[in-house]
Amino acid sequence: DTGLITLDPGYKNTGATKSAITFLDGELGILRYRGYRIEDLAEKSTFLEVAYLLIYGELPTQSEYEKFSREITTHTLVHEDIKKILDGFPSNAHPMGVLSSMICSLTAFYPDSLDPNRSKDEVDLSIIRLIAKMPTFAAWAYKNEVGHPVNYPDNSLDYCSNFMKMMFALPAERYDVDPIVASALDKLLILHADHEQNCSTSTVRIVGSSQASLYASISAGINALWGPLHGGANQSVIEMLEAIKADGGDSKKYLAKAKDKDDPFRLMGFGHRVYKNFDPRAKIIKKAADDVLAKLGVKDPILEIAKELEHAALNDQYFIDRQLYPNVDFYSGIIYRALGIPTDMFTVMFALGRLPGWIAQWKEMRENNEPIGRPRQVYTGANERDYVTMNKR
Ligand code: SDX
């Protein structure tokens with residue numbers, strides 16, 4: 001019954017689904033959420049408005065937006081029993097592992113989320129809970145790492161200010177969120193919100209296709225994003241730039257390493273499966289990096305190293321031949337650093353941004369009653385053979 005199997009490792013040429021959410025044009029470097037240009041949304045919208053757009057398909061009216069953001073605000077608190085799970089983690093637990101575990105625990109805590117036939121309102125409640133609680137879990141994962149007491153949400157603040165306060169406030173002193181920081185973070189979350197069928201989104205879809213709960217599917221997406229070839233790249237870019245700085249700033253040497261077939265080193269933050277031109281998000285983030293660092297009065301030598309590296313790579317035949325350009329991860333870490341966010345929280349920031357996209361894609365897959373994902377293979381193992389008892393092996 002196999003018929004003709006087309007082998008397509010990494011699904012480079014496979015359309016896994018039909019989707020009305022995000023449009024990419026890799027040749028022209030175009031990205032649109034529900035038809036709206038990413039450049040317009042990054043400049044004029046807010047992260048919660050973009051989350052609503054991705055999930056429900058239209059920009060919200062004033063009353064729809066107020067209802068959506070009010071519901072999110074009233075669900076930011078986490079039950080104390082779930083907080084006990086946090087206390088079980090050692091302080092060296094990577095925040096991404098803490099985050100995916102805490103999100104998955106929501107399935108145990110809200111078992112109704114396992115019911116594939118639950119009502120639209122119940123699905124909407126899960127969506128609100130996830131968007132509301134993810135920042136709380138993310139900030140708690142950081143507090144667990146630094147050994148500080150966790151902060152509870154402050155519902156008088158906007159989404160990003162509330163996150164920054166939960167991240168950095170300390171009982172011993174007053175903490176005021178810098179509006180420049182909150183606005184820079186909001187723009188970064190918009191730029192990460194969805195990206196059609198990337199690795200982590202495909203993971204969310206395939207886990208959800210078995211009728212697993214939304215929470216379990218999102219937890220799986222967080223784990224897929226963690227890898228350095230995907231969302232983990234923003235952390236690897238900074239580590240790479242730091243290494244170049246420590247090595248005297250000689251970016252040419254690292255370019256040579258990246259081109260050397262025998263060297264596993266890749267230029268992190270460069271290249272993309274779809275974009276064979278500039279990643280439009282990278283352009284926006286590069287400009288935002290200059291703006292935000294200037295406004296914050298931050299001078300970061302690795303920003304200059306990043307620009308030199310970009311310039312060298314864009315003029316190098318190896319990168320030109322392979323159409324390798326900076327991607328979303330190349331400059332984002334420089335802004336996160338300027339906002340005071342520690343390096344091993346960068347991929348958590350990516351997950352915070354990508355959450356509405358994962359939710360929208362999961363919801364679309366379930367509403368379209370898509371079949372369970374179950375690809376085939378080309379078998380290359382042993383032919384039929386008889387069992388050999390241990391004493392004859
Ligand atoms: C994200 O899919 C998405 O949309 C992802 C994302 C999203 O929003 O969800 O955009 C977010 O994950 C961005 C990508 C972050 N990852 C990195 O920056 C890691 C470095 N980049 C590479 O690992 C790579 O470019 C990928 C993983 C992004 C894409 O890999 P592909 O499409 O499988 O390309 P490939 O590995 O087949 O590379 C093609 C050629 C190879 O050389 P040849 O074998 O043809 O000689 O280009 C080379 C690769 O060796 N190459 C690189 C390179 N990226 C590709 N060489 C050096 N440095 C690099 N960064």
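Just follow the structure's listing: the first ligand is 1, and inside any ligand the first atom is 1. What you are looking at is a predicted structure, and each value in this text was computed from that prediction instead of being measured.
Distances below 4.0 Å separate heavy atoms of K261 from the following atoms of ligand 1: 42 (O), 43 (P), 44 (O), 46 (O), 50 (O). For ligand 1, the atoms closer than 4.0 angstrom to any heavy atom of H195 are 3 (C), 4 (O), 7 (C), 8 (O), 9 (O), 10 (O). Distances below 4.0 Å separate heavy atoms of G269 from the following atoms of ligand 1: 17 (C), 18 (O). Using a 4.0 Å cut-off to heavy atoms of G271, the atoms of ligand 1 that qualify are 25 (O), 28 (C).
For atom 38 (O) of ligand 1, the closest non-hydrogen atom of the protein is R266 NH2, 3.8 Å.
The option with the heavy atom closest to atom 32 (O) of ligand 1, from among R273, M268, E196, is R273. With atom 2 (O) of ligand 1 as the reference point, the heavy atom nearest to it among N198, L324, V328 is part of N198. Relative to atom 45 (O) of ligand 1, the option among R354, Q323, M240, R322 with the closest non-hydrogen atom is R322. Nearest to atom 8 (O) of ligand 1 by heavy-atom distance, out of H192, Q197, R281, is R281.
In this structure P90 satisfies the side-chain contact (heavy atoms from CB on, under 4.5 Å) test together with N92, A93, sequence neighbours excluded. A search for side-chain contact (heavy atoms from CB on, under 4.5 Å) contacts involving E80 returns K83, Y152, not counting sequence neighbours.
Backbone and side-chain nitrogen or oxygen atoms of L267 are examined, and one is located within less than 3.5 angstrom of a nitrogen or oxygen of ligand 1. At a 3.5 angstrom cut-off on N or O pairs, N327 counts as close to ligand 1.
Shown here, atom 19 (C) of ligand 1 is in close reach of the protein: a heavy atom of it lies under 4.0 Å off.
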